[in-house]
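Proteins come first, then strands; the chains are lettered A, B, ... in the order of their sequence lines, and each starts at number 1. Predicted, not measured: the structure shown is a model, and the values here were computed from it. All values below were derived from every heavy atom in this structure, side-chain atoms included, with hydrogens, water molecules and symmetry-related copies excluded.
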Protein chains: 2
Amino acid sequence: MEKLLTVTELAEAFDVTPRTIRFYETKGLISPQRVGSTRVYTYRDHARLKLILRAKRLGFSLTDIREYLNLYNVDPEQIEQQQLLLTKISRRIEDLEQQQEDLVATLVELRDIEQQALSNIKKKAAATGFTE
Amino acid sequence: MEKLLTVTELAEAFDVTPRTIRFYETKGLISPQRVGSTRVYTYRDHARLKLILRAKRLGFSLTDIREYLNLYNVDPEQIEQQQLLLTKISRRIEDLEQQQEDLVATLVELRDIEQQALSNIKKKAAATGFTE
DNA sequence: GAGTAGATTGACGTATACGTAAACCTTCTC
DNA sequence: GAGAAGGTTTACGTATACGTCAATCTACTC
């Protein structure tokens, strides 16, 4: 038996607000079943939201994320769809590789500043006479 | 002698609009000299904009970027400043390492989908009798 | 010196991504 | 059965990041 979640429960699981999840639904990112009018979320929805939030942390727009999620649902029988899928994926991968470069470069610089800060503190400590 | 650039020239160099650069100025991200009322940008401004746009690609908000740029301008003599700098940098680094994880995970999944698509196409080609 | 090219400062418009409040339903619980 | 708890939709509000004029001001150029 699968444990079903309410909006609030799912929201708390990922530290977002229910409003956010409902908003994503209006944007077509996630579509839970209903019991009456109440939304209920399955494990699959949980996994889907996880994907959404990960993509958000990477700076994707909700529209981009919708596109991204759709990559998972392409009919394996339709060759043309698969071909199109390949080109879309290629573009995404290129973007992410660019981002990876940016990330590495930024990390290098931050760690450099960090080292300088440490050395500055050391110097000052020595100059002030930390042995007293 | 240093080659000075106008807004439009700098904008073209990075494929953004002059409006964008002026907007960044109102946000305190970049502050060129003036000749009369006209903005002129030095090589340092060029480098600074490069940093800004790189951070943007990583999904930083302009406010975050302002903070980020300020990390470069902390007085090396003020130990307290340097201490504060260290904690700020640590947080940034943590964020970026999280992002790196996200990135790697996403890339793995995309490449997986890519392989499946390729295999789907291959199968279909075989089934349709591509030898004829 | 009239025109054109490119710069400037407002000021308003717009898309994205939610926050927030109002009004309304169910569903327990006592 | 009255109320509290948590769900729903609808609608307006808001911060961010610019786009898009409009009006104005030099600075050449012919």
Length of the CD1-P vector between A/I52 and C/dA17, whole Å: 12 Å
Side-chain N or O of A/T6 closer than 4.0 Å to phosphate OP1/OP2 of D/dG7: yes
Under-4.0 Å salt bridge between A/E25 and A/R34: yes
Side-chain H-bond candidate by donor/acceptor type, A/D95 with A/Q99, under 3.5 Å: no
Length of the CG-P vector between B/D64 and D/dA17, whole Å: 9 Å
Spacing between A/F23 atom CZ and D/dA11 atom C1', to the nearest angstrom: 14 Å
Within residues 53-63 of chain B, residues whose heavy atoms come under 4.0 Å of DNA chain D: B/K56, B/S61, B/L62
Mutual orientation of the aromatic rings belonging to B/Y43 and B/H46 [parallel < 30°, tilted 30-60°, perpendicular > 60°]: parallel
Side chains of B/Q116 and B/N120, donor plus acceptor under 3.5 Å: no
Close side-chain approach of A/R22 and A/T17, heavy atoms under 4.5 Å: no
Under 4.0 angstrom between A/T17 side-chain N/O and C/dG19 OP1 or OP2: yes
Salt bridge A/R54-B/E109, side-chain N to carboxylate O under 4.0 Å: yes
Set out, line by line, the N/O atom pairs under 3.5 Å between protein and nucleotides 8-10 of chain C.
| residue | atom | partner | partner atom | Å |
| --- | --- | --- | --- | --- |
| C/dT8 | OP1 | B/R39 | N | 2.9 |
| C/dT8 | OP1 | B/R39 | NH1 | 3.0 |
| C/dT8 | OP2 | B/R22 | NE | 2.9 |
| C/dT8 | OP2 | B/R22 | NH2 | 2.5 |
| C/dT8 | O5' | B/R39 | NH1 | 3.4 |
| C/dT9 | OP1 | B/R34 | NH1 | 3.1 |
| C/dT9 | OP1 | B/R34 | NH2 | 3.1 |
| C/dT9 | OP2 | B/R39 | NH1 | 2.7 |
| C/dT9 | OP2 | B/R39 | NH2 | 2.7 |

Atom-to-atom span, CD of A/Q33 to P of D/dT8 - whole angstrom: 14 Å
Single-linkage hydrophobic cluster, 4.5 Å side-chain cutoff, B/L96 and A/L96 together: yes
Separation of C/dG6 C1' from B/E12 CD (nearest whole Å): 12 Å
Donor + acceptor pair across side chains of A/S90, A/T87 (<3.5 Å): no
Steps toward side chain to side chain contact (heavy atoms under 4.5 Å, CB included) verdict (A/L49, A/D45): CA-CA 6 Å; A/L49 183 54; A/D45 292 322; over 6 Å; no
Interatomic distance, B/I21 CD1 vs C/dA7 C1' [rounded to whole Å]: 13 Å
Gap between atoms CD1 and P, on B/I65 and D/dC18 respectively (whole Å): 9 Å
A/Y24 side chain near C/dC18 phosphate (N/O to OP1/OP2, under 4.0 Å): yes
Euclidean distance, atom CD1 of residue A/I30 to atom P of C/dA17 [Å, nearest integer]: 16 Å
